[in-house]
Amino acid sequence: MDIRKKITFTYVALSTFSTLLLSIIVFVLFRENNRYHFLKRLEDRAKIVASIHFQHDPEKSKYYSNLKKNGLEELIEEEEYVLKINSANSFDYNTKLNLPNAFYSNILQTGKDYFEVNSKYYLGQVFTERDQKYIVIVGARDRRGKTTTIYIIKILVFGGIGFILLAFFLGRFLAKRVINPVARITKEVNRISASNLHNRLPAIKNSDEISDLTETFNDMLDRLETSFEIQANFINNASHELKTPITTIIAEAEIMLLKEREVAEYVESLQNIYSQASRLGNLTESLLKLTQTGYDGNKQVLDIARIDELLLDVKSDLDKIYPENRVSVKMNFAPKDSNLLLIPCNKPLLELAINNIITNGVKYSDNNEVFVTLSANQEAIKISINDIGIGIPPEDIPHLYEPFFRGKIAAKYIGYGLGLPLASKIIRMHDGEIQVQSEQNKGTIVTIIFKKAKTKKNNIKNSNVES
(Lines give C-alpha, C1' and ligand atoms only; values in the text may rest on other atoms or scores of the structure.)
Protein backbone atom coordinates (compact mmCIF):
# COMPACT_ATOMS: atom_id res chain seq x y z
CA MET A 1 0.00 0.00 0.00
CA ASP A 2 1.45 3.39 -0.99
CA ILE A 3 1.68 6.33 1.39
CA ARG A 4 -1.20 8.18 -0.27
CA LYS A 5 -3.62 5.34 0.48
CA LYS A 6 -2.21 4.97 3.98
CA ILE A 7 -2.83 8.64 4.71
CA THR A 8 -6.36 8.42 3.28
CA PHE A 9 -7.32 5.30 5.23
CA THR A 10 -5.70 6.60 8.41
CA TYR A 11 -7.64 9.85 8.12
CA VAL A 12 -10.90 7.96 7.47
CA ALA A 13 -10.24 5.60 10.40
CA LEU A 14 -9.55 8.49 12.79
CA SER A 15 -12.60 10.38 11.50
CA THR A 16 -14.78 7.27 11.93
CA PHE A 17 -13.57 6.77 15.48
CA SER A 18 -14.13 10.44 16.32
CA THR A 19 -17.59 10.42 14.75
CA LEU A 20 -18.57 7.23 16.57
CA LEU A 21 -17.35 8.58 19.89
CA LEU A 22 -19.18 11.88 19.36
CA SER A 23 -22.38 10.05 18.33
CA ILE A 24 -22.31 7.90 21.47
CA ILE A 25 -21.81 10.96 23.68
CA VAL A 26 -24.63 12.87 21.93
CA PHE A 27 -26.97 9.87 22.15
CA VAL A 28 -26.31 9.32 25.87
CA LEU A 29 -26.72 13.00 26.72
CA PHE A 30 -29.88 13.30 24.61
CA ARG A 31 -31.43 10.23 26.21
CA GLU A 32 -30.58 11.41 29.71
CA ASN A 33 -32.08 14.81 28.94
CA ASN A 34 -35.32 13.16 27.70
CA ARG A 35 -35.47 11.01 30.80
CA TYR A 36 -34.90 13.98 33.11
CA HIS A 37 -37.70 16.06 31.59
CA PHE A 38 -40.15 13.15 31.47
CA LEU A 39 -39.51 12.35 35.14
CA LYS A 40 -40.11 16.02 35.96
CA ARG A 41 -43.50 15.72 34.26
CA LEU A 42 -44.28 12.59 36.28
CA GLU A 43 -43.22 14.44 39.43
CA ASP A 44 -45.67 17.26 38.63
CA ARG A 45 -48.44 14.68 38.04
CA ALA A 46 -47.63 13.04 41.35
CA LYS A 47 -48.11 16.36 43.15
CA ILE A 48 -51.48 16.88 41.45
CA VAL A 49 -52.55 13.30 42.25
CA ALA A 50 -51.61 13.86 45.89
CA SER A 51 -53.54 17.14 46.01
CA ILE A 52 -56.66 15.54 44.51
CA HIS A 53 -56.43 12.64 46.96
CA PHE A 54 -55.98 14.90 49.98
CA GLN A 55 -58.75 17.35 49.05
CA HIS A 56 -62.05 16.32 50.63
CA ASP A 57 -63.77 19.31 49.02
CA PRO A 58 -65.52 18.05 45.88
CA GLU A 59 -65.14 21.43 44.11
CA LYS A 60 -61.37 21.54 44.64
CA SER A 61 -61.04 17.91 43.62
CA LYS A 62 -62.95 18.71 40.45
CA TYR A 63 -60.69 21.71 39.80
CA TYR A 64 -57.52 19.63 40.07
CA SER A 65 -59.04 16.92 37.88
CA ASN A 66 -59.84 19.47 35.14
CA LEU A 67 -56.35 20.96 35.46
CA LYS A 68 -54.85 17.53 35.01
CA LYS A 69 -56.97 16.74 31.96
CA ASN A 70 -57.01 20.11 30.22
CA GLY A 71 -54.00 22.07 31.50
CA LEU A 72 -51.38 19.37 31.20
CA GLU A 73 -50.19 17.34 28.26
CA GLU A 74 -51.74 13.89 28.07
CA LEU A 75 -49.55 10.98 29.09
CA ILE A 76 -49.68 7.61 27.34
CA GLU A 77 -50.87 4.64 29.44
CA GLU A 78 -50.96 6.81 32.53
CA GLU A 79 -51.43 5.02 35.87
CA GLU A 80 -51.91 6.54 39.32
CA TYR A 81 -51.67 4.86 42.69
CA VAL A 82 -51.80 6.15 46.23
CA LEU A 83 -50.46 3.72 48.82
CA LYS A 84 -50.81 4.33 52.52
CA ILE A 85 -47.65 3.85 54.58
CA ASN A 86 -48.32 1.93 57.79
CA SER A 87 -44.81 1.91 59.28
CA ALA A 88 -41.19 2.46 58.31
CA ASN A 89 -41.09 -0.80 56.40
CA SER A 90 -44.73 -1.53 55.48
CA PHE A 91 -47.42 0.00 53.28
CA ASP A 92 -50.67 -0.98 51.56
CA TYR A 93 -49.57 -2.90 48.49
CA ASN A 94 -51.55 -2.75 45.21
CA THR A 95 -51.54 -6.01 43.29
CA LYS A 96 -51.84 -4.17 39.96
CA LEU A 97 -48.30 -2.94 40.39
CA ASN A 98 -45.63 -5.41 39.37
CA LEU A 99 -42.57 -3.48 40.53
CA PRO A 100 -39.42 -4.74 42.31
CA ASN A 101 -39.13 -4.51 46.10
CA ALA A 102 -35.97 -2.41 45.75
CA PHE A 103 -38.07 0.34 44.15
CA TYR A 104 -40.36 0.56 47.20
CA SER A 105 -37.43 0.31 49.62
CA ASN A 106 -35.65 3.25 47.94
CA ILE A 107 -38.84 5.34 48.10
CA LEU A 108 -39.25 4.64 51.82
CA GLN A 109 -35.59 5.47 52.49
CA THR A 110 -35.01 8.49 50.23
CA GLY A 111 -38.54 9.79 49.71
CA LYS A 112 -38.43 9.46 45.91
CA ASP A 113 -37.32 6.98 43.22
CA TYR A 114 -38.11 5.89 39.68
CA PHE A 115 -38.12 2.62 37.76
CA GLU A 116 -38.11 1.96 34.01
CA VAL A 117 -39.39 -1.15 32.25
CA ASN A 118 -40.03 -1.45 28.48
CA SER A 119 -39.84 2.35 27.95
CA LYS A 120 -42.48 2.88 30.69
CA TYR A 121 -41.47 4.93 33.71
CA TYR A 122 -42.84 4.71 37.25
CA LEU A 123 -42.12 7.54 39.64
CA GLY A 124 -42.80 7.12 43.33
CA GLN A 125 -42.80 9.92 45.88
CA VAL A 126 -43.71 10.19 49.56
CA PHE A 127 -46.30 12.80 50.63
CA THR A 128 -47.57 13.60 54.11
CA GLU A 129 -51.10 14.66 55.01
CA ARG A 130 -52.12 15.22 58.64
CA ASP A 131 -49.21 13.12 59.96
CA GLN A 132 -50.10 10.31 57.60
CA LYS A 133 -47.59 9.36 54.91
CA TYR A 134 -48.58 8.12 51.48
CA ILE A 135 -46.66 6.79 48.49
CA VAL A 136 -47.94 8.33 45.27
CA ILE A 137 -46.89 6.35 42.21
CA VAL A 138 -47.44 7.71 38.71
CA GLY A 139 -46.61 5.58 35.68
CA ALA A 140 -46.66 6.45 31.94
CA ARG A 141 -45.02 5.50 28.69
CA ASP A 142 -42.59 8.03 27.19
CA ARG A 143 -43.64 7.56 23.60
CA ARG A 144 -42.38 10.97 22.52
CA GLY A 145 -39.01 10.30 24.13
CA LYS A 146 -38.77 6.98 22.33
CA THR A 147 -39.73 8.61 19.03
CA THR A 148 -37.23 11.42 19.40
CA THR A 149 -34.55 8.92 20.45
CA ILE A 150 -35.14 6.88 17.28
CA TYR A 151 -35.06 10.11 15.29
CA ILE A 152 -31.75 11.25 16.77
CA ILE A 153 -30.30 7.75 16.16
CA LYS A 154 -31.23 8.04 12.47
CA ILE A 155 -29.67 11.49 12.30
CA LEU A 156 -26.46 10.24 13.92
CA VAL A 157 -26.27 7.13 11.72
CA PHE A 158 -26.89 8.86 8.39
CA GLY A 159 -24.93 11.94 9.42
CA GLY A 160 -22.05 9.72 10.51
CA ILE A 161 -22.08 7.78 7.22
CA GLY A 162 -22.17 11.06 5.30
CA PHE A 163 -19.29 12.47 7.34
CA ILE A 164 -17.23 9.30 6.80
CA LEU A 165 -17.76 9.58 3.04
CA LEU A 166 -16.77 13.23 3.23
CA ALA A 167 -13.73 12.25 5.30
CA PHE A 168 -12.72 9.80 2.58
CA PHE A 169 -12.65 12.54 -0.07
CA LEU A 170 -11.03 15.00 2.33
CA GLY A 171 -8.44 12.32 3.17
CA ARG A 172 -7.66 11.82 -0.51
CA PHE A 173 -7.33 15.58 -0.94
CA LEU A 174 -5.07 15.80 2.12
CA ALA A 175 -2.93 12.88 0.93
CA LYS A 176 -2.62 14.47 -2.48
CA ARG A 177 -1.54 17.78 -0.95
CA VAL A 178 1.03 16.04 1.27
CA ILE A 179 2.40 13.52 -1.25
CA ASN A 180 2.45 15.65 -4.41
CA PRO A 181 5.61 17.56 -3.40
CA VAL A 182 7.33 14.27 -2.54
CA ALA A 183 6.15 12.72 -5.81
CA ARG A 184 7.46 15.74 -7.69
CA ILE A 185 10.81 15.42 -5.93
CA THR A 186 10.92 11.69 -6.79
CA LYS A 187 10.17 12.47 -10.43
CA GLU A 188 12.91 15.10 -10.59
CA VAL A 189 15.39 12.84 -8.77
CA ASN A 190 14.80 10.04 -11.29
CA ARG A 191 15.89 12.41 -14.05
CA ILE A 192 19.23 13.11 -12.37
CA SER A 193 22.14 10.78 -13.12
CA ALA A 194 25.92 10.93 -13.23
CA SER A 195 25.73 12.63 -16.63
CA ASN A 196 23.59 15.57 -15.46
CA LEU A 197 24.57 16.16 -11.85
CA HIS A 198 24.32 19.89 -12.52
CA ASN A 199 20.53 19.65 -12.41
CA ARG A 200 18.86 20.72 -9.18
CA LEU A 201 15.43 20.32 -7.63
CA PRO A 202 13.25 23.44 -7.90
CA ALA A 203 13.46 25.49 -4.71
CA ILE A 204 10.42 25.59 -2.42
CA LYS A 205 9.98 28.80 -0.44
CA ASN A 206 7.84 27.26 2.31
CA SER A 207 9.78 26.66 5.49
CA ASP A 208 8.49 23.12 6.03
CA GLU A 209 9.96 19.61 5.97
CA ILE A 210 9.56 19.30 2.17
CA SER A 211 11.52 22.53 1.69
CA ASP A 212 14.22 21.23 4.05
CA LEU A 213 14.32 17.93 2.13
CA THR A 214 14.73 19.79 -1.17
CA GLU A 215 17.55 21.95 0.19
CA THR A 216 19.27 18.95 1.75
CA PHE A 217 19.08 16.99 -1.51
CA ASN A 218 20.40 19.94 -3.52
CA ASP A 219 23.28 20.30 -1.05
CA MET A 220 24.03 16.60 -1.47
CA LEU A 221 24.03 17.05 -5.28
CA ASP A 222 26.49 19.93 -4.87
CA ARG A 223 28.82 17.69 -2.89
CA LEU A 224 28.40 14.78 -5.32
CA GLU A 225 29.04 17.00 -8.33
CA THR A 226 32.17 18.39 -6.70
CA SER A 227 33.32 14.87 -5.77
CA PHE A 228 32.73 13.57 -9.31
CA GLU A 229 34.63 16.50 -10.78
CA ILE A 230 37.52 15.99 -8.37
CA GLN A 231 37.60 12.25 -9.16
CA ALA A 232 37.44 12.89 -12.90
CA ASN A 233 40.25 15.46 -12.70
CA PHE A 234 42.24 13.16 -10.43
CA ILE A 235 41.97 10.22 -12.85
CA ASN A 236 42.77 12.35 -15.89
CA ASN A 237 45.74 14.02 -14.24
CA ALA A 238 47.01 10.77 -12.68
CA SER A 239 46.80 9.04 -16.05
CA HIS A 240 48.72 11.86 -17.69
CA GLU A 241 51.38 12.06 -14.97
CA LEU A 242 51.90 8.28 -14.97
CA LYS A 243 51.85 7.98 -18.73
CA THR A 244 54.62 10.53 -19.33
CA PRO A 245 57.49 8.74 -17.49
CA ILE A 246 56.33 5.33 -18.72
CA THR A 247 56.28 6.54 -22.34
CA THR A 248 59.73 8.12 -21.91
CA ILE A 249 61.18 4.90 -20.44
CA ILE A 250 59.73 2.74 -23.24
CA ALA A 251 60.89 5.14 -25.96
CA GLU A 252 64.40 5.37 -24.47
CA ALA A 253 64.68 1.59 -24.27
CA GLU A 254 63.38 1.10 -27.83
CA ILE A 255 65.93 3.58 -29.19
CA MET A 256 68.79 1.84 -27.39
CA LEU A 257 67.69 -1.53 -28.71
CA LEU A 258 67.65 -0.48 -32.36
CA LYS A 259 71.43 -0.98 -32.70
CA GLU A 260 74.61 -1.35 -30.71
CA ARG A 261 75.92 1.87 -29.20
CA GLU A 262 78.86 3.27 -27.32
CA VAL A 263 79.14 2.79 -23.57
CA ALA A 264 78.66 6.51 -22.96
CA GLU A 265 75.34 6.42 -24.85
CA TYR A 266 74.14 3.45 -22.80
CA VAL A 267 75.10 5.25 -19.58
CA GLU A 268 73.27 8.40 -20.67
CA SER A 269 70.21 6.37 -21.65
CA LEU A 270 70.22 4.47 -18.35
CA GLN A 271 70.47 7.75 -16.48
CA ASN A 272 67.40 9.03 -18.35
CA ILE A 273 65.55 5.79 -17.62
CA TYR A 274 66.61 5.97 -13.95
CA SER A 275 65.43 9.58 -13.72
CA GLN A 276 62.04 8.77 -15.19
CA ALA A 277 61.71 5.59 -13.09
CA SER A 278 62.50 7.59 -9.94
CA ARG A 279 59.88 10.13 -10.92
CA LEU A 280 57.41 7.33 -11.51
CA GLY A 281 58.27 5.76 -8.14
CA ASN A 282 57.89 9.06 -6.29
CA LEU A 283 54.56 9.74 -7.99
CA THR A 284 53.27 6.27 -7.18
CA GLU A 285 54.35 6.62 -3.54
CA SER A 286 52.57 9.99 -3.30
CA LEU A 287 49.40 8.50 -4.73
CA LEU A 288 49.54 5.59 -2.26
CA LYS A 289 49.99 8.01 0.63
CA LEU A 290 47.06 10.05 -0.62
CA THR A 291 44.83 6.97 -0.64
CA GLN A 292 46.00 6.11 2.90
CA THR A 293 43.97 8.99 4.25
CA GLY A 294 40.78 7.70 2.64
CA TYR A 295 38.63 9.60 0.17
CA ASP A 296 36.76 11.48 2.92
CA GLY A 297 39.91 12.17 4.94
CA ASN A 298 38.93 9.88 7.81
CA LYS A 299 41.38 7.47 9.39
CA GLN A 300 41.67 6.16 12.93
CA VAL A 301 43.97 8.13 15.20
CA LEU A 302 46.41 5.89 17.07
CA ASP A 303 48.99 7.96 18.96
CA ILE A 304 49.40 10.85 21.35
CA ALA A 305 52.40 13.00 20.47
CA ARG A 306 53.94 16.27 21.54
CA ILE A 307 53.63 18.71 18.69
CA ASP A 308 56.97 20.43 19.48
CA GLU A 309 58.88 17.13 19.29
CA LEU A 310 57.03 16.27 16.09
CA LEU A 311 58.19 19.57 14.53
CA LEU A 312 61.78 18.85 15.57
CA ASP A 313 61.56 15.40 13.95
CA VAL A 314 60.31 17.04 10.74
CA LYS A 315 63.20 19.51 10.84
CA SER A 316 65.66 16.63 11.33
CA ASP A 317 64.26 14.83 8.25
CA LEU A 318 64.51 18.04 6.21
CA ASP A 319 68.12 18.47 7.20
CA LYS A 320 68.88 15.05 5.72
CA ILE A 321 67.05 15.74 2.45
CA TYR A 322 67.98 19.42 2.10
CA PRO A 323 71.22 19.88 4.09
CA GLU A 324 71.42 23.55 3.14
CA ASN A 325 67.84 24.42 4.06
CA ARG A 326 67.20 27.62 6.02
CA VAL A 327 64.22 26.49 8.07
CA SER A 328 63.97 27.97 11.58
CA VAL A 329 61.65 26.41 14.17
CA LYS A 330 60.66 28.95 16.83
CA MET A 331 59.27 27.77 20.17
CA ASN A 332 59.09 31.25 21.76
CA PHE A 333 55.31 31.10 22.11
CA ALA A 334 55.16 27.46 23.23
CA PRO A 335 53.55 27.05 26.69
CA LYS A 336 55.45 25.84 29.74
CA ASP A 337 52.75 23.26 30.43
CA SER A 338 53.74 20.35 28.16
CA ASN A 339 50.21 18.90 28.35
CA LEU A 340 49.00 21.75 26.16
CA LEU A 341 51.31 20.46 23.40
CA LEU A 342 49.85 16.94 23.35
CA ILE A 343 47.76 16.00 20.35
CA PRO A 344 46.04 12.70 19.44
CA CYS A 345 47.31 11.79 16.00
CA ASN A 346 48.58 9.29 13.49
CA LYS A 347 52.15 10.47 13.95
CA PRO A 348 53.74 9.30 10.66
CA LEU A 349 50.94 10.84 8.60
CA LEU A 350 50.93 14.11 10.53
CA GLU A 351 54.73 14.35 10.14
CA LEU A 352 54.28 13.79 6.41
CA ALA A 353 51.66 16.57 6.16
CA ILE A 354 53.77 19.17 7.99
CA ASN A 355 56.88 18.05 6.09
CA ASN A 356 55.10 18.60 2.77
CA ILE A 357 54.03 22.14 3.71
CA ILE A 358 57.47 23.14 4.99
CA THR A 359 59.13 21.53 1.94
CA ASN A 360 56.88 23.62 -0.32
CA GLY A 361 58.08 26.71 1.53
CA VAL A 362 61.71 25.70 0.97
CA LYS A 363 61.17 24.76 -2.68
CA TYR A 364 59.08 27.74 -3.80
CA SER A 365 61.29 30.26 -2.01
CA ASP A 366 64.42 28.96 -3.75
CA ASN A 367 65.83 27.79 -0.43
CA ASN A 368 65.30 31.16 1.19
CA GLU A 369 64.42 31.50 4.88
CA VAL A 370 61.33 29.68 6.18
CA PHE A 371 60.07 30.42 9.69
CA VAL A 372 58.04 27.81 11.60
CA THR A 373 56.34 29.19 14.74
CA LEU A 374 54.54 27.07 17.35
CA SER A 375 51.99 28.40 19.86
CA ALA A 376 49.41 26.65 22.06
CA ASN A 377 46.83 27.40 24.74
CA GLN A 378 43.81 25.79 26.32
CA GLU A 379 41.73 26.22 23.15
CA ALA A 380 44.06 25.35 20.26
CA ILE A 381 47.48 24.43 18.91
CA LYS A 382 48.69 26.67 16.12
CA ILE A 383 51.61 26.13 13.70
CA SER A 384 52.53 29.00 11.39
CA ILE A 385 54.83 28.41 8.37
CA ASN A 386 56.06 31.63 6.75
CA ASP A 387 58.21 31.82 3.61
CA ILE A 388 59.33 34.72 1.42
CA GLY A 389 59.05 32.89 -1.90
CA ILE A 390 57.15 33.32 -5.15
CA GLY A 391 53.72 33.48 -3.49
CA ILE A 392 50.43 32.30 -4.93
CA PRO A 393 48.29 34.23 -7.43
CA PRO A 394 44.73 34.93 -6.12
CA GLU A 395 43.13 32.90 -8.94
CA ASP A 396 45.11 29.80 -7.93
CA ILE A 397 44.18 29.78 -4.22
CA PRO A 398 40.72 28.12 -4.67
CA HIS A 399 42.40 25.18 -6.47
CA LEU A 400 45.25 24.57 -4.03
CA TYR A 401 43.75 21.34 -2.62
CA GLU A 402 42.92 19.76 -5.97
CA PRO A 403 45.28 16.82 -6.74
CA PHE A 404 47.75 17.50 -9.58
CA PHE A 405 46.86 21.18 -9.75
CA ARG A 406 49.89 23.38 -10.33
CA GLY A 407 49.77 27.14 -10.81
CA LYS A 408 51.43 28.90 -13.71
CA ILE A 409 54.22 30.29 -11.55
CA ALA A 410 54.83 26.96 -9.80
CA ALA A 411 54.99 25.01 -13.08
CA LYS A 412 58.74 25.68 -13.47
CA TYR A 413 59.44 23.81 -10.21
CA ILE A 414 59.63 20.02 -10.05
CA GLY A 415 56.52 18.50 -8.45
CA TYR A 416 53.28 16.66 -9.01
CA GLY A 417 50.68 18.84 -7.28
CA LEU A 418 50.00 16.21 -4.60
CA GLY A 419 51.84 17.59 -1.56
CA LEU A 420 49.30 20.17 -0.37
CA PRO A 421 46.16 18.07 -1.17
CA LEU A 422 47.72 15.19 0.80
CA ALA A 423 48.59 17.52 3.71
CA SER A 424 45.08 18.97 3.67
CA LYS A 425 43.49 15.53 3.91
CA ILE A 426 45.76 14.44 6.77
CA ILE A 427 45.15 17.63 8.75
CA ARG A 428 41.40 17.38 8.16
CA MET A 429 41.61 13.79 9.35
CA HIS A 430 42.96 15.17 12.65
CA ASP A 431 40.07 17.68 12.86
CA GLY A 432 42.43 20.52 12.00
CA GLU A 433 42.20 23.28 9.42
CA ILE A 434 44.60 25.03 7.06
CA GLN A 435 44.55 28.75 6.41
CA VAL A 436 46.59 30.16 3.51
CA GLN A 437 47.55 33.81 3.13
CA SER A 438 49.71 34.70 0.16
CA GLU A 439 50.79 37.58 -2.04
CA GLN A 440 52.47 37.01 -5.35
CA ASN A 441 56.26 37.53 -5.30
CA LYS A 442 56.19 38.36 -1.59
CA GLY A 443 55.63 35.04 0.14
CA THR A 444 53.10 32.76 1.78
CA ILE A 445 51.89 32.14 5.33
CA VAL A 446 50.32 28.72 5.99
CA THR A 447 48.63 28.38 9.39
CA ILE A 448 47.64 24.96 10.78
CA ILE A 449 45.15 25.02 13.67
CA PHE A 450 44.11 22.08 15.84
CA LYS A 451 41.24 23.00 18.18
CA LYS A 452 41.33 21.18 21.51
CA ALA A 453 37.54 20.75 21.67
CA LYS A 454 37.72 18.64 18.51
CA THR A 455 40.91 16.71 19.11
CA LYS A 456 39.66 15.45 22.48
CA LYS A 457 36.83 13.65 20.71
CA ASN A 458 39.14 11.47 18.64
CA ASN A 459 39.10 7.75 19.30
CA ILE A 460 42.53 6.90 20.74
CA LYS A 461 43.38 3.25 21.06
CA ASN A 462 47.05 3.41 22.00
CA SER A 463 48.78 6.10 24.02
CA ASN A 464 52.42 6.58 22.95
CA VAL A 465 53.58 9.70 24.73
CA GLU A 466 57.18 10.74 24.21
CA SER A 467 58.75 12.74 26.99
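Residues Pro335 and Leu341 share a closest heavy-atom pair of CD-CD2, 3.7 Å. Annotation for Leu318 and Asn325: closest pair O-ND2, 3.5 Å, computed over non-hydrogen atoms. The two residues Glu395 and His399 make their nearest non-hydrogen contact at O-CD2, 3.4 Å. Among all heavy-atom pairs drawn from Lys382 and Thr447, the shortest one is CG-CG2, 3.6 Å. Contact detail for Ala376 and Ile381: the closest heavy-atom pair is CB-CG1, 4.0 Å. Between Ser23 and Leu156, the shortest heavy-atom distance links the atoms O-CD1, 3.5 Å.
Side chain of Ser15 to backbone of Tyr11: a donor-acceptor contact under 3.5 angstrom is found. A donor-acceptor pair is defined here as one N or O able to donate and one able to accept, closer than 3.5 Å; no such pair exists between the side chain of Gln276 and the backbone of Ile273. Judged by distance alone, the side chain of Ser438 and the main-chain N or O of Gly443 form a donor-acceptor pair under 3.5 Å. The closest donor-acceptor contact from the side chain of Asn356 to the backbone of Ala353 lies at 3.5 Å or more, if one exists at all. For the pair Tyr266 (side chain) and Arg261 (backbone), a donor-acceptor distance under 3.5 Å is present. The backbone N or O of Gly361 sits less than 3.5 Å from a side-chain atom of Ser365, completing a donor-acceptor pair.
Between Phe115 and Phe103, the ring planes are tilted. Angles from 30° to 60° get that label.
Between Leu342 and Arg306, some side-chain heavy-atom pair lies under the 4.5 Å cut-off. Annotation: side chain of Tyr104 is in contact with side chain of Leu99 (closest heavy-atom distance under 4.5 Å). Arg326 has its side chain within reach of Asn368: a pair of non-hydrogen atoms, C-beta onward, lies under 4.5 Å apart. In this structure, the side chains of Ile388 and Lys442 stay at 4.5 Å or more apart for every pair of heavy atoms. Within the 4.5 Å cutoff, side-chain heavy atoms of Leu166 are placed close to those of Leu170. Side-chain contact between Asp337 and Leu340 is present, with heavy atoms from C-beta onward closer than 4.5 Å. Ile107 is not listed as a side-chain neighbour of Gln125, based on a closest heavy-atom distance of 4.5 Å or more. For the pair Thr8/Phe168, a side-chain contact is recorded, criterion being any heavy-atom separation below 4.5 Å from C-beta on.
Glu32 CD: more than 12 foreign heavy atoms inside a 6.0 Å radius. Under a cut-off of 6.0 angstrom, the local environment of CG in Asn101 is sparse, with at most 12 non-hydrogen atoms contributed by other residues, nucleotides or ligands.
The side-chain hydrogen bond (donor to acceptor under 3.5 Å, both in side chains) pairs that include a residue from residues 148-162 are Asn34-Thr148, where partners are two or more places apart or lie in different chains.
A salt bridge links Lys347 and Asp313; the closest N-O separation between the charged side-chain nitrogens and carboxylate oxygens is under 4.0 Å. The pair Asp319-Lys315 counts as a salt bridge, with a side-chain nitrogen and a carboxylate oxygen less than 4.0 angstrom apart.
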Inset, instruction - Start with the C-alpha distance between Asn33 and Leu29, add both sets of side-chain angles, then the distance that settles side chain to side chain contact (heavy atoms under 4.5 Å, CB included), and finish with yes or no. - result: CA-CA 6 Å; Asn33 184 66; Leu29 293 177; over 6 Å; no
Inset, instruction - Take Leu312 and Met331, measure what side chain to side chain contact (heavy atoms under 4.5 Å, CB included) needs, and give me the verdict at the end. - result: CA-CA 10 Å; Leu312 294 176; Met331 304 286 185; 4.1 Å; yes
Inset, instruction - Check the pair Leu42, Leu39 against side chain to side chain contact (heavy atoms under 4.5 Å, CB included), reporting the backbone distance first and the verdict last. - result: CA-CA 5 Å; Leu42 292 182; Leu39 290 176; 4.2 Å; yes
Legend entry - Ile392 vs Val436, side chain to side chain contact (heavy atoms under 4.5 Å, CB included): CA-CA, chis, key distance, verdict: CA-CA 10 Å; Ile392 305 170; Val436 177; 4.2 Å; yes
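To the nearest 0.5 Å, the span separating CG on Asp317 from CD on Glu351 amounts to 6.5 Å. Between atom CD1 of residue Ile249 and atom OG of residue Ser269 there is a gap of 10.5 Å, rounded to the nearest 0.5 Å. Distance check, rounded to the nearest 0.5 Å: CG of Asp387 to CD1 of Ile445 gives 9.0 Å. To the nearest 0.5 angstrom, Ile357 atom CD1 is 8.5 Å from Ile383 atom CD1. Atom CZ of Phe163 sits about 4.5 Å away from atom OG1 of Thr19, to the nearest 0.5 Å. The structure places OH of Tyr114 at 4.5 Å from CZ of Arg35, a figure rounded to the nearest 0.5 Å.
No hydrogens or angles considered: nothing links the side chains of Thr373 and Ser384 as a donor-acceptor pair under 3.5 Å. Counted by atom type alone, Asn355 and Thr359 present one or more donor-acceptor pairs between their side chains at under 3.5 Å.
A side chain to side chain contact (heavy atoms under 4.5 Å, CB included) with Ile354 is found for one member of Val446, Ile427, Leu310, Val372 and no other, namely Leu310.
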